[in-house]
Each structure stands twice: as structure tokens, then as C-alpha cells.
There are 2 protein chains.
Amino acid sequence: MQPGLPLFESVFTIDCVIFGFQEGELKILLIERNEEPYKDWWALPGLFVEHNEGIDVAAERILYELTGLRDIYMEQLYTFGEVNRHPDGRVITVGYYAMIRLTGHKELKPVTNYAKKAFWHPVSDLPTLAFDHTAIFEKSLQKIRRKISYQPIAFELLPEKFTLTQLQHVYESILNKKLDKRNFRKKMLNYGILKELGEKQRGVSYRAATLYKFDRRKYAKLFQKELSFMKED
Amino acid sequence: MQPGLPLFESVFTIDCVIFGFQEGELKILLIERNEEPYKDWWALPGLFVEHNEGIDVAAERILYELTGLRDIYMEQLYTFGEVNRHPDGRVITVGYYAMIRLTGHKELKPVTNYAKKAFWHPVSDLPTLAFDHTAIFEKSLQKIRRKISYQPIAFELLPEKFTLTQLQHVYESILNKKLDKRNFRKKMLNYGILKELGEKQRGVSYRAATLYKFDRRKYAKLFQKELSFMKED
DNA sequence: GCAAAAGTGTTTCAGCTACACCCATGG
DNA sequence: CCATGGGTGTAGCTGAAACACTTTTGC
């Protein structure tokens with residue numbers, strides 16, 4: 001620590017809610033802790049922030065250590081600094097959330113020492129989590145529910161090529177309600193931010209659907225920054 | 001600091017964007033710094049968080065020290081943790097924003113030692129601020145612009161009794177655009193969350209306007225939590 | 001031929017927008 | 001009597017919601 005600053009120091013961590021979409025369900029990545037406190041509990045992946053490490057960089061570090069992925073969609077969520085949130089003393093944590101593409105064959109990397117293993121858990125059926133991690137998760141879900149109505153985050157969870165039905169399932173699992181198929185398609189195609197690829201699905205035992213990709217260029221052109229997507233209630 | 005935690009400590013502060021509405025304009029409270037670094041610069045009011053002090057409590061402490069007010073509308077904004085944001089080393093800061101009622105006669109309390117004085121500055125014409133405080137301010141403005149469209153935060157800036165025109169001016173100054181008077185009134189009254197008091201304005205040299213108050217009870221009953229207020233663009 | 005999902009239009013309704021004039025009051 | 005802001009209604013448009021049947025494909 002440099003001179004000039006007073007000695008008000010605090011212990012300080014990052015916790016991360018990592019969303020993925022698998023088997024038609026929204027899931028998050030949990031680890032099983034291998035250390036006290038909360039040994040053997042499920043928890044959000046987290047780490048201590050090092051000196052002279054920016055918090056965004058630290059958040060990316062977690063993600064890389066766990067999944068081997070870089071350049072992932074990731075946003076800061078909220079900072080949790082209640083005195084009693086950690087049994088060993090005042091630990092402030094900054095929550096982040098991330099969204100990753102689970103292409104099925106992607107394996108989780110061997111997990112760091114403080115965790116036994118990591119698993120994808122459906123958000124509809126989470127166990128009780130360590131610390132205040134349940135609250136952090138709930139805040140993240142609130143945030144993406146709101147965000148999906150004005151930013152194109154659904155595409156972060158899908159492979160590059162996807163069908164409209166897959167896209168609809170992402171919206172439905174985040175918003176936790178059924179949407180009307182015709183209205184969804186009409187609206188989505190009207191935005192003009194999907195590019196229809198010439199291709200169709202392969203290897204399905206029913207009528208193959210048209211594949212689309214998200215056209216970032218058009219999106220950026222149409223809306224400098226935002227877009228009113230999907231009504232909220 | 002308690003045993004059991006590793007020695008990853010960080011210096012850690014709170015900075016606060018305090019909004020007020022005065023003379024028909026949206027303003028924020030700035031202090032003039034009396035200490036290095038950035039001595040003599042304008043800055044957001046901030047402080048170091050003490051050990052065993054929750055961050056929300058610390059944020060309320062700033063507000064009380066500067067304004068003598070408690071029980072104020074206040075929300076966490078974002079956490080800024082870039083390595084180079086503070087010239088003396090890595091200082092993480094949690095930004096908050098608050099909204100207070102400036103009833104005109106309310107004086108600012110004598111300011112703490114690190115500041116010479118505090119002033120209300122119109123947000124439309126802010127000086128360059130110390131550290132990354134300009135970025136913190138801009139994020140807070142973005143946030144309340146979005147928030148005013150789904151939560152009744154405008155009332156936090158007004159006295160208990162207000163006219164519809166005053167309310168409209170609050171919306172206009174936050175959204176930074178003119179609104180149509182008839183449409184604004186129709187919509188606002190339709191929500192059914194304003195209570196018409198029997199009274200009229202006094203001491204104005206034109207037709208006195210009807211006074212209203214925000215009916216929190218009705219608001220809570222109608223919308224458990226949220227409301228789609230004012231379209232966003 | 002059947003199971004499973006793809007794909008497709010129209011009507012109705014609510015809420016947003018645009019817009020201009022008379023009224024009450026104090027000085 | 002004049003200056004200042006208070007207060008009011010309607011018509012047109014746009015976007016959301018509701019709703020059911022035919023098509024394609026693999027097996």
C-alpha cells in the first residue's frame with residue numbers, strides 16, 4: 001500500500017453469477033466449497049481481489065479460472081457490504097454476472113483449490129447457498145430480467161447460429177413466463193437485428209427451422225445504445 | 001481485523017451524488033476539497049468507510065454530516081475499482097445517489113475538515129470534478145433517468161405538497177426534455193397515486209394551482225413494487 | 001401415417017402523441 | 001387590463017395481445 005492513504009483497509013472479494021442456457025433451461029454455475037467457513041456448501045464462485053488489480057480484471061480472472069473463457073459478456077451487479085455477511089469479519093464483495101454460451105461439449109476446467117467441484121444448476125431449483133449468495137443471485141436475476149427488455153443480452157447465451165424458437169426459450173426462461181409464438185417472431189423480426197442465414201437446422205427429427213444470427217452491426221446502427229425489447233410484465 | 005481472513009486488504013471509500021431540485025433545476029451537492037490530492041478541486045462528497053461499518057450505514061453518515069438529514073432516499077449506484085482512479089494507490093469506491101427535498105430555507109451544515117465549502121450546482125453546468133467523479137455523476141444521472149420511468153422517485157425531490165407543474169418540471173429536468181402539459185397531467189392523474197388536497201397555492205401572482213401529495217399507500221396497493229412511468233425516449 | 005415442431009395474419013384494444021384556447025389571479 | 005401560469009378534450013396512430021391451423025420432416 002502506498003503512502004498518503006489512511007489505514008482504512010477492508011477485505012474485499014468478487015463473487016460471480018455465471019449464467020448459461022442448457023437443455024432449454026437457464027442455469028448458473030455453482031461450486032462446492034472445500035474450505036471453512038461454509039465447507040461443503042454450494043456457493044457462487046468468488047475470489048479475493050489482489051492489490052493493484054482492478055475489480056473488472058479480477059472478475060474476468062474468476063471466469064477464466066473456472067471456464068477457460070475470455071471476452072465474455074460480464075457486468076457489475078451490486079456491492080454487498082453488510083458487516084455480518086461473512087462470519088470471519090467484515091468482507092465487502094462486489095457481485096458480477098456473466099453470460100456464456102454452453103455449446104454442450106464445453107467442459108469446465110479443473111476447479112481451484114477452495115472448491116471441490118463445479119456444476120450447472122437450473123435457477124428454478126437452487127439449493128441454499130453459502131453466505132448471502134442467495135441474495136446476490138436473486139439480485140442478478142432481477143437485473144437480467146429488466147435488462148433483457150432493453151438490451152440484446154439473450155444472444156450471449158446462444159450459439160452464433162440459432163433458431164427463433166431457441167431465442168424464444170431464452171426469453172421465456174429469463175422472464176419465467178410463456179410468450180406467444182407469433183407475436184414473438186413478428187416483433188423480433190421487425191427489429192431488423194436478426195440476419196437470416198440461408199441454412200436450416202440439421203439432424204432434427206421434425207421440420208428443420210431456419211437459422212439466424214444476431215447482426216451486431218445493424219443493431220449498433222439502429223440504436224446507438226439501447227432498444228425497448230419485450231414488455232416487462 | 002479478525003483472524004481467519006487472508007491479508008488482501010484494500011482502501012475503500014464511499015462517494016455520494018446528492019440530487020436536489022431548486023429554482024426549477026436539477027442540482028447536485030459538490031464540495032471544494034481542502035486536501036491533497038485534488039486540493040481546491042470540486043468533488044463529490046465522500047468518506048472512508050470504517051472498520052465494522054456497513055456500506056449503507058457509511059453512505060447515510062455522509063449525508064447526515066453534510067446536510068443534517070436522515071431517512072433520505074438513497075440507493076447504491078456502482079462500484080469503481082480501477083487501479084488508477086486515485087493517484088495515491090488503489091482505492092475502491094462505492095458510489096451512492098440520494099435525493100433530498102430542498103425547501104429553500106434548509107441550510108447546509110458546516111462541512112467536514114477535508115472540504116472548504118459545499119454548494120448546489122446545476123447538473124447542466126458542472127465543473128470538471130476531481131478523481132473519476134465526473135464518471136460517477138454521469139452514471140448516477142443515467143440511472144435516475146431510467147429509474148424515473150418505473151419508480152416514483154420524482155416525489156423525493158419535491159416538498160410534501162406540490163403542484164402538477166412542479167412535478168412536471170422535475171420530470172423534465174431529469175429527462176432533459178420538454179413534456180406535453182396535457183398528456184403529462186392526464187397520465188399522472190390516471191395512475192391514481194396522487195391525492196388532491198383541498199388547497200391551492202398561496203402568494204403567487206397568477207392563478208393559484210391545486211396542491212397534490214403523493215399517496216404512498218395507494219401506490220403500494222396498486223403496484224407491489226413497480227410501475228411503468230413515463231416512456232423513455 | 002404419425003409425432004413433433006415450424007411457420008404464418010388478422011382483429012381488437014389500450015395507451016401515446018399532437019395539438020390550442022379560455023380561465024383565474026395579482027399587480 | 002395585462003402578464004403569467006393553470007387548466008382542459010379529442011382524434012389519429014401505433015404497438016401489444018389474443019388467437020388456430022397448415023406445413024415439413026424423420027422415423
Side-chain angles (χ1 to χ4, degrees), chain A residues 23-25 145 148-150 158 161-173 175-213 222-223 226-233, chain B residues 21 23-25 148-150 158-159 161-173 175 177-213 222-223 226-233:
Chain A
E23 297 153 8
E25 272 188 302
R145 276 194 185 146
I148 203 176
S149 71
Y150 62 90
L158 289 172
K161 303 176 180 187
F162 52 82
T163 69
L164 288 177
T165 299
Q166 287 168 343
L167 184 59
Q168 184 177 341
H169 288 333
V170 171
Y171 274 84
E172 289 178 338
S173 66
L175 296 172
N176 194 29
K177 65 171 181 194
K178 288 260 172 266
L179 300 174
D180 180 87
K181 182 163 64 162
R182 279 179 287 192
N183 292 337
F184 181 84
R185 288 166 173 248
K186 207 187 319 164
K187 194 163 163 186
M188 205 46 81
L189 292 172
N190 266 347
Y191 288 137
I193 58 173
L194 295 183
K195 180 184 232 162
E196 183 173 343
L197 304 166
E199 308 163 61
K200 301 251 168 197
Q201 271 182 316
R202 291 170 155 270
V204 289
S205 70
Y206 47 80
R207 179 175 175 181
T210 304
L211 293 170
Y212 292 84
K213 64 181 255 193
L222 285 176
F223 321 89
E226 297 197 350
L227 166 60
S228 192
F229 252 19
M230 291 291 115
K231 221 191 128 197
E232 292 182 37
D233 49 343
Chain B
F21 189 73
E23 296 153 9
E25 273 187 302
I148 202 175
S149 71
Y150 62 90
L158 288 172
K161 302 175 179 185
F162 52 83
T163 69
L164 288 177
T165 299
Q166 287 168 343
L167 184 60
Q168 185 177 341
H169 289 334
V170 170
Y171 274 84
E172 288 178 339
S173 65
L175 296 172
K177 66 172 181 193
K178 287 262 170 267
L179 301 173
D180 181 86
K181 182 163 64 164
R182 278 179 288 194
N183 292 337
F184 180 83
R185 288 166 173 246
K186 208 187 317 164
K187 194 165 164 184
M188 203 47 79
L189 292 173
N190 266 346
Y191 288 136
I193 58 172
L194 295 183
K195 180 184 233 162
E196 183 174 344
L197 304 167
E199 307 163 61
K200 301 251 166 195
Q201 270 181 317
R202 292 169 155 270
V204 289
S205 71
Y206 46 81
R207 179 173 174 182
T210 304
L211 292 170
Y212 292 83
K213 63 181 255 192
L222 285 176
F223 320 90
E226 296 196 353
L227 165 59
S228 193
F229 252 20
M230 292 293 116
K231 220 190 126 196
E232 292 181 38
D233 50 345

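No hydrogens, no waters, no symmetry mates; every other heavy atom, side chains included, goes into these values. The sequence lines fix the lettering, A, B, ..., with proteins before strands; numbering per chain opens at 1.
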note: B/Gln201, atom CD; C/dT25, atom P; distance rounded to Å ~ 12 Å
Without decimals, in angstroms, what is the distance between B/Met188 CE and D/dT8 P?
16 Å
Any N or O donor-acceptor pair under 3.5 Å from the base of D/dG15 to the side chain of A/Lys187?
no
Can a donor-acceptor pair be found, under 3.5 Å and without considering hydrogens, that links the side chain of B/Glu196 to the backbone of B/Tyr212?
no
What I'd like to find out is whether the side chain of B/Thr210 reaches to under 4.5 Å of the side chain of B/Leu197, using heavy atoms alone.
no
Any side-chain N or O of B/Thr210 less than 4.0 Å from the OP1 or OP2 oxygen of D/dG7?
yes
Between A/Ser205 and A/Leu164, which residue's closest nucleotide on DNA chain C lies nearer the 5′ terminus?
A/Ser205
Check the phosphate of D/dG5 against B/Thr165, side-chain N and O only, distance under 4.0 Å to OP1 or OP2. Yes or no?
no
A/Leu189 CG to C/dA6 P: how many Å, rounded?
14 Å
Kindly say whether, by distance alone, the side chain of B/Arg207 makes a donor-acceptor pair under 3.5 Å with the base of C/dA24?
no
Whether A/Arg185 contacts C/dG7 is assessed here as follows: a side-chain N or O lying under 4.0 Å from the phosphate OP1 or OP2. Is that the case?
yes
What's the closest nucleotide to the A/Asn183 side chain, out of D/dA17, D/dG5, C/dA18?
D/dA17
Could you give the CD-to-P distance, from B/Gln166 to D/dG7, as a whole number of Å?
11 Å
Classify B/Asn190 by what it touches in the nucleic acid, base, sugar-phosphate, or nothing, heavy-atom distance under 4.0 Å.
nothing
Rounding to an integer number of Å, can you tell me how far B/Lys181 NZ sits from D/dG9 C1'?
14 Å
Separation of C/dT17 P from B/Lys178 NZ (nearest whole Å):
16 Å
Nearest-neighbour nucleotide for the B/Arg182 side chain, C/dC19, D/dA20, C/dG27 considered
C/dC19
A/Asp180 CG - C/dG7 C1' separation (whole Å)
13 Å
Just how far, in rounded Å, is P of C/dA6 from CG of A/Leu211?
11 Å
Any side-chain heavy-atom pair of B/Lys187 and B/Asn190 under 4.5 Å:
no
Does the base of D/dT25 carry an N or O that pairs as donor and acceptor with the side chain of A/Lys200 under 3.5 Å?
no
A/Lys186 side chain, from C-beta outward: closest of C/dT10, C/dC19, D/dT4:
C/dT10
Would you call B/Glu172-B/Lys177 a salt bridge at under 4.0 Å N-O?
no
Are the side chains of A/His169 and A/Thr165 in touch, meaning some heavy atoms are under 4.5 Å apart?
yes
Given C/dG7, D/dA17, D/dG6, which nucleotide is nearest the side-chain atoms of B/Ala209?
D/dG6
